[in-house]
Amino acid sequence: MSDSYLNLWLLSLILALPIILLFRRKQPKLNLPPGQMGWPLVGQTIGYLRPHPATTIGEFMEQHIARYGKIFKSSLFGEPAIVSADAELNKFIFNNEGKLFECSYPKSIGGILGKWSMLVVVGDMHRDMRAIALNFMSNAMLRTTMLKDVERHALLVLNSWKQDFKFSAQEEAKKFTFNLMVKNILSLEPETPEAEALKKAYATFMKGVVSAPLNLPGTAYRKALQSRFTILKFIERKMEERNQNIKGGDKGLDDDLLSWVLKNSNLTSEQVLDLILSLLFAGHETSSVAISLALYFLPACPRAVQQLREEHREIARAKREAGDVELTWDDYRRMEFTHWVVNETLRLGNVVRFLHRKAIKDIRYKGYDIPRGWKVLPVLAAVHLDPSNFDHPQLFDPWRWQNNGSRGGSTGTSNNFMPFGGGGRYCAGSELAKLEIAIFIHHLILNCEWQLAEQDQAFVYPFVDFPKGLPITVQRLSLI
Ligand code: HEM
Ligand SMILES: *[C@@H]1O[C@H](CO)[C@@H](O)[C@H](O)[C@H]1NC(C)=O
Ligand SMILES: *[C@@H]1O[C@H](CO)[C@@H](O)[C@H](O)[C@H]1NC(C)=O
Ligand SMILES: *[C@@H]1O[C@H](CO)[C@@H](O)[C@H](O)[C@H]1NC(C)=O
């Protein structure tokens, strides 16, 4: 039985061989970038994903760039891949989204975030969802509703901090960004039973996103798929409630994303669910890590803390004199040094390390061939930590952003700075993220002195995370 199968198999191989050879001969010789493909199936994924400090690019990238240059081939996530640490190629990839390249996240991510997740969908569906997200985070929204919410939620978290008490800064930052997102998306208020239940399900969900995609009983991935279901049920209930209210003519809950989408789009309920889940994910994990990174970098740079404090005291003083209480958009615009700190934090900390793309055409770039169907990974961190783009890239130096970056190397800092990606998938929440970080810093720096309570360090898993949660202690500053 097995013998005859083997014979059959051998026979077909012998028959097929000339055909395979013929096809191979016919193909023009490709000039692929240098590199190794590693073992079949696993390829080099394990080395590529090995944890390393967030302010470095890790041994794998270092060794490969040293040996092969900034563009090399490899085999990652089960597919042949081109890895790019080249700022020009990264920009080329972003600017040709949908034409030459397409977003292509591994199946495991799609399975968790959902097939209609914004990070996964392409083409018209992506265009429609992106329009919703951009509309929701429009300038007008940012300047009015969001600015107020950001300040309120920052104060809520900061005011709960106890003097001389060790706690996780990362947890606090997550609380801030989570509360803010669920308020804007679903009109949930912090610490209500609903918000707490959602937060709990979401935490389980996140553990699965960062775990190995093994759908077996008891694994984090399986639990995440279950909590995805819990969250979806929750959002579904909210949608029904909302539809009832809309029918009943209730105009009360008009300004959250859920109501807006229900009224202004033709998305199916499953699509709405995935959209909300992806916004919660994209808008909560990233900016909380960015805030944690700022709290981690700043104590090592007292001069920056000092200059921040001066800047924010000046803004606070002017407001007191004018009898103003809440921060305005003009106040935010005046936080000039803070913006350097924000950029420098994102450059050195690299919240999003690399993106997943694939070539949808045969592409020739700088003499190299990128075959259609191959994965292409633009590594944002490698550009930001490259000494040919930024002088002393390992140094936290907010002043390099003076004169919008002329001190950053021959080509100028902002040119090679892409923390939010680019092109047709440029982060829809970049302005909100910067606002969150700046406003949080404003109230933090005015009210508190903080120190790291234990040695901790940001690591890439590949999601940036502090193993100990960044423990800090604070002292309240007596008023200015
Ligand atoms: C420091 C914080 C943040 C960083 C570093 C960041 C970074 C990024 C990056 C690199 C992308 C591109 C993904 C790709 O091309 O595959 C992206 C997309 C996106 N981000 Fe952010 N992000 C941040 C905060 C936020 C916030 C606060 C929101 C608010 C909801 C948000 C919403 C989105 C959305 C909706 C997309 C998908 C855009 C699209 O596909 O058209 N992000 N982000
Ligand atoms: C929804 O669908 C209708 C009919 O197909 C169309 O006229 C309308 O423009 C669509 N609305 C949106 C927001 O796409
Ligand atoms: C910060 O980076 C952005 C690019 O994301 C750039 O447009 C901006 O000019 C930079 N800010 C400063 C103060 O250099
Ligand atoms: C700095 O900003 C100005 C205008 O704000 C712009 O014209 C110039 O190109 C920028 N320089 C760099 C190096 O980005």
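As the structure lists them, so they are numbered: ligands from 1, and atoms in each ligand from 1. The basis for the numbers below is simple: all heavy atoms, side chains too, and nothing from hydrogens, waters or symmetry mates.
Of the N and O atoms on the side chains of Ser138 and Asn135, not one donor lies less than 3.5 Å from an acceptor on the other residue.
Classification of the His339-Tyr332 ring pair by plane angle, with boundaries at 30° and 60°, yields perpendicular. Using the six-membered ring where Trp is involved, Tyr48 and Phe77 have ring planes that are perpendicular, over 60° apart on the 30 and 60° scheme.
Under 4.0 angstrom from ligand 3, the non-hydrogen atoms of Trp340 all belong to its side chain.
For Met239 against Ser269, the heavy-atom pair with the smallest separation is CE-CB, 3.4 Å. Heavy atoms only, all atoms of each residue included: Ile370 and Ala359 are closest at CG2-CB, 4.0 Å.
Phe337 and Trp401 have their aromatic ring centers separated by at least 6.0 angstrom. Aromatic pair Tyr368/Tyr365: centroids not less than 6.0 angstrom apart.
Relative to the six-membered ring of Phe390, Arg347 meets both conditions, a distance below 6.0 Å and an angle of at most 45° to the axis.
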Table of N or O contacts for ligand 1, cutoff 3.5 Å:
{"residue": "ligand 1", "atom": "15 (O)", "partner": "Arg357", "partner atom": "NH2", "Å": "2.6"}
{"residue": "ligand 1", "atom": "16 (O)", "partner": "Tyr105", "partner atom": "OH", "Å": "2.7"}
{"residue": "ligand 1", "atom": "16 (O)", "partner": "Arg357", "partner atom": "NH1", "Å": "3.1"}
{"residue": "ligand 1", "atom": "40 (O)", "partner": "His126", "partner atom": "NE2", "Å": "2.9"}
{"residue": "ligand 1", "atom": "40 (O)", "partner": "Arg425", "partner atom": "NH1", "Å": "3.3"}
{"residue": "ligand 1", "atom": "41 (O)", "partner": "His126", "partner atom": "NE2", "Å": "2.8"}
{"residue": "ligand 1", "atom": "41 (O)", "partner": "Arg130", "partner atom": "NH1", "Å": "2.5"}
{"residue": "ligand 1", "atom": "42 (N)", "partner": "Ala282", "partner atom": "O", "Å": "3.4"}

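Those atoms of ligand 3 that come under 4.0 Å of a heavy atom in Phe417, given as number and element, are 2 (O), 4 (C), 5 (O). Below 4.0 Å from some heavy atom of Asn343 lie the following atoms of ligand 3, by number and element: 1 (C), 2 (O), 3 (C), 8 (C), 10 (C), 11 (N), 12 (C), 14 (O).
Not one N or O of His339 is nearer than 3.5 Å to an N or O of ligand 3, by distance alone.
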